[in-house]
Amino acid sequence: MKKGEVYEGIIEQVDFPNKGRVMVDGQPVIVKNGMPGQRVRFMINKKRGGRVEARLLEVLEPSPLETRKPVCSIFPQCGGCMYQTMDYSHQLEMKQEQIRRLLDTAIKNGGQVDENGNPDYVFEGIKGSPTEFRYRNKMEFSFGDAEKDGPLTLGLHKKGSTYDVLTASDCKLVHEDLTKILTCVLDYCKEQGFTYYHKMRHEGYLRHLLLRRGNTTGEILINLVTTTQLDPDLSELVERLLALPLEGTIVGILHILNDSLADLVQSDETRVLYGQDYFYENLLGLKFKITPFSFFQPNSLGAEVLYETARSYIGDTRDMTVFDLYSGTGTISQILAAVAKKVIGVEIVEEAVVAARENAERNGIENCEFIAGDVLKVLDEIGEKPDFIVLDPPRDGIHPKALPKIINYQVENLVYISCKPTSLARDLESFLKQGYRVERCVCVDQFAQTVHTETICHLKRVRK
């Protein structure tokens with residue numbers, strides 16, 4: 001096989017997150033963005049160390065697993081929810097096997113095997129999301145165009161592209177309220193002749209539309225992200241948004257100014273155009289204040305399944321000091337507070353820590369302390385020692401230099417909640433080599449129709 005050559009074949013298996021495996025003359029080729037059983041045409045685009053990767057050109061025949069019709073107009077060009085034509089039960093089966101393969105390999109590499117050389121732990125399968133569609137309480141939409149110099153678009157990136165943006169006018173991952181808001185904002189910006197920010201030329205005005213909606217409260221926070229290259233009066237846009245016939249209620253409209261060269265949603269300055277800069281969401285009987293950039297699980301009903309499962313893994317923490325590392329708005333900390341002596345949460349996003357403190361006070365919780373800072377540095381400054389540790393790191397997992405500090409506490413038990421199983425698998429090997437063993441693991445799918453899932457692992461110390 002040579003670069004540029006085109007082949008056809010059937011995707012036999014998909015590894016996390018979206019790596020399809022096709023056999024060509026007895027050699028596996030990785031073809032991304034496909035489904036098991038699809039017959040595809042692909043072009044070889046990378047060869048390195050015996051590993052061959054290819055770009056998907058066309059799906060020639062659908063998979064036998066594709067038993068449903070697409071539910072939105074931009075499938076399959078959009079890479080947002082690529083499994084929507086697959087029955088949800090089959091999605092869960094596929095994800096479960098993907099994660100199990102990763103964990104089995106990591107645990108074997110860490111030396112935790114039975115007398116037959118098999119990974120020695122309990123894998124408890126996968127729990128599905130309570131709802132398949134319209135579950136996301138947060139969505140970041142990008143401004144752009146679907147083709148070079150085409151009309152303004154607002155939505156999600158085309159699969160495999162960092163530039164082309166498809167208008168998500170009927171996205172089924174979000175509530176219809178957010179679709180109406182997207183359409184209103186796009187129509188207004190087109191009428192005004194606003195241009196989007198070109199990442200290469202560093203020119204243009206519009207960057208992102210960040211929408212957040214409480215699934216249980218219906219409260220909506222709208223965040224329009226632009227550069228400072230224009231300074232228009234946005235009062236008419238505010239009026240149009242407030243006049244929309246929505247099921248929920250708009251509680252805040254913010255104008256976020258961002259002149260960063262990086263293609264990230266961040267704020268140099270935030271202007272409140274209407275209402276407030278936060279909204280509320282309820283979870284497991286607790287009320288949480290959420291700000292534009294504070295982390296909160298994007299599927300509220302799925303998060304209840306996740307945290308109830310994590311709580312069952314954590315078990316009895318009475319009279320214990322618990323560290324909740326990477327604590328976000330303090331969701332886990334407050335859930336554990338009722339059954340712990342004290343919970344200390346550490347989170348690098350300062351506004352999330354402020355919200356966590358307010359949430360704890362609002363919920364009448366007095367035994368939670370929240371510290372703003374990088375886990376890597378904060379662990380050197382905390383005088384107290386934990387009896388139990390909960391880890392819920394970002395997608396990249398635990399910082400390699402923070403991992404030894406966590407292990408050195410030598411707590412008997414810890415629970416690791418992961419949104420990226422490849423990062424989890426890497427970190428598990430480190431824990432196993434330092435005296436821990438994996439007791440049990442379970443997957444919780446919070447991202448139906450997409451390639452992502454959450455994983456919870458209980459680790460126990462067996463060697464000091």
Side-chain angles (χ1 to χ4, degrees), residues 1-102 104-105 126 132 145-148 150 155-168 171-173 420-422 425 445 447-453:
M1 286 180 285
K2 297 179 181 178
K3 287 185 181 180
E5 289 183 340
V6 175
Y7 293 89
E8 295 179 7
I10 295 175
I11 297 177
E12 298 181 2
Q13 176 179 298
V14 176
D15 293 320
F16 180 86
N18 61 349
K19 298 176 181 178
R21 187 182 303 175
V22 182
M23 299 302 295
V24 177
D25 298 329
Q27 183 172 1
V29 178
I30 303 301
V31 183
K32 294 182 179 180
N33 299 318
M35 295 187 206
Q38 285 179 334
R39 185 172 184 82
V40 295
R41 191 164 64 91
F42 52 92
M43 183 174 68
I44 306 299
N45 64 354
K46 188 181 295 185
K47 292 186 70 177
R48 183 181 303 161
R51 178 183 173 91
V52 183
E53 296 183 16
R55 180 166 59 89
L56 178 66
L57 299 177
E58 183 183 3
V59 176
L60 301 173
E61 296 177 15
S63 165
L65 299 176
E66 292 184 82
T67 57
R68 308 194 295 193
K69 294 182 178 179
V71 296
C72 77
S73 60
I74 55 177
F75 178 87
Q77 291 82 15
C78 170
C81 48
M82 58 182 291
Y83 296 137
Q84 61 176 265
T85 53
M86 185 189 300
D87 183 81
Y88 190 44
S89 63
H90 289 133
Q91 293 182 38
L92 292 176
E93 289 174 13
M94 181 180 68
K95 290 184 177 184
Q96 173 179 294
E97 290 309 308
Q98 288 177 345
I99 308 308
R100 183 162 196 167
R101 287 194 295 270
L102 280 170
D104 282 357
T105 300
I126 190 167
E132 273 196 67
D145 52 26
E147 55 191 26
K148 189 175 181 181
L156 301 169
H157 284 275
K158 188 181 292 186
K159 189 186 302 180
S161 173
T162 56
Y163 296 100
D164 301 338
V165 174
L166 304 169
T167 294
C171 178
K172 297 301 188 293
L173 294 187
K420 188 178 180 183
T422 47
D445 185 31
F447 310 100
Q449 324 311 325
T450 80
V451 302
H452 304 291
T453 190

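Model, not experiment: these values are computed from the prediction.
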- [ ] Apply side-chain contact (heavy atoms from CB on, under 4.5 Å) to Gln84 and Cys72, showing your working.
- [x] CA-CA 9 Å; Gln84 61 176 265; Cys72 77; 3.8 Å; yes
Open item on the list: Run the side-chain contact (heavy atoms from CB on, under 4.5 Å) test on Tyr83 and Val14 for me, step by step, so that the C-alpha distance in whole Å, both residues' side-chain angles and the decisive distance to 0.1 Å come before the verdict.
Closed with: CA-CA 12 Å; Tyr83 296 137; Val14 176; 3.9 Å; yes
TODO: Run the numbers on Met35 and Thr85 for side-chain contact (heavy atoms from CB on, under 4.5 Å), then give the verdict.
DONE: CA-CA 10 Å; Met35 295 187 206; Thr85 53; 3.2 Å; yes
Task: Candidate pair Tyr88 and Asp445, rule side-chain contact (heavy atoms from CB on, under 4.5 Å), full reasoning - done: CA-CA 11 Å; Tyr88 190 44; Asp445 185 31; 2.6 Å; yes
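Within the model, atoms NZ of Lys47 and CD of Gln27 stand 6.5 Å from one another, a figure rounded to the nearest 0.5 Å. Interatomic distance, Asp164 CG to Lys148 NZ, rounded to the nearest 0.5 Å: 11.0 Å. One distance of note links CE of Met43 with CD of Glu5; it measures 11.0 Å at 0.5 Å rounding. Going from atom NZ of Lys19 over to atom CD1 of Ile11 covers 14.5 Å, rounded to the nearest 0.5 Å. Atoms NZ and OG, on Lys172 and Ser73 in that order, are 7.5 Å from each other to the nearest 0.5 Å. To the nearest 0.5 angstrom, Leu166 atom CG is 10.5 Å from Glu147 atom CD.
In plain terms, the two heavy atoms of Lys46 and Lys3 that are nearest each other are CA-CE, 4.1 Å. Considering every non-hydrogen atom in both Ala425 and Leu102, the closest pair reads CB-O, 4.1 Å. When all heavy atoms of Phe42 and Val24 are compared, the closest pair comes out as CZ-CG2, 3.7 Å. Across His157 and Tyr163, no two heavy atoms sit closer than the pair ND1-N, 4.0 Å. Scanning both residues, Lys159 and Cys78, for their nearest heavy atoms gives CE-O, 3.9 Å. Counting all heavy atoms, side chain and backbone alike, Ile99 lies closest to Pro421 at CD1-CG, 3.3 Å.
Lys32 NZ: 12 or fewer foreign heavy atoms inside a 6.0 Å radius.
Among pairs with a residue in residues 48-58, those fulfilling side chain to side chain donor-acceptor pair (under 3.5 Å) read Arg41-Glu58, Arg51-Glu53, at least two apart in sequence or across chains.
Proximity of a side-chain donor or acceptor of Glu61 to a complementary backbone N or O of Arg39 within less than 3.5 Å is not detected. Of the possible donor and acceptor atoms, none in the side chain of Ser161 sits under 3.5 Å from a partner among the backbone N and O of Lys158.
Between Glu66 and Gln38, the side chains place a donor N or O and an acceptor N or O closer than 3.5 Å (distance only, hydrogens not considered).
Of the candidates Met94, Lys95, Met82, Met82 is the only one forming a side-chain contact (heavy atoms from CB on, under 4.5 Å) with Val451.
The shortest side-chain heavy-atom distance between His90 and Pro36 does not fall under the 4.5 Å cut-off.
Gln91 meets the side chain to side chain donor-acceptor pair (under 3.5 Å) test with Gln449; sequence neighbours excluded.
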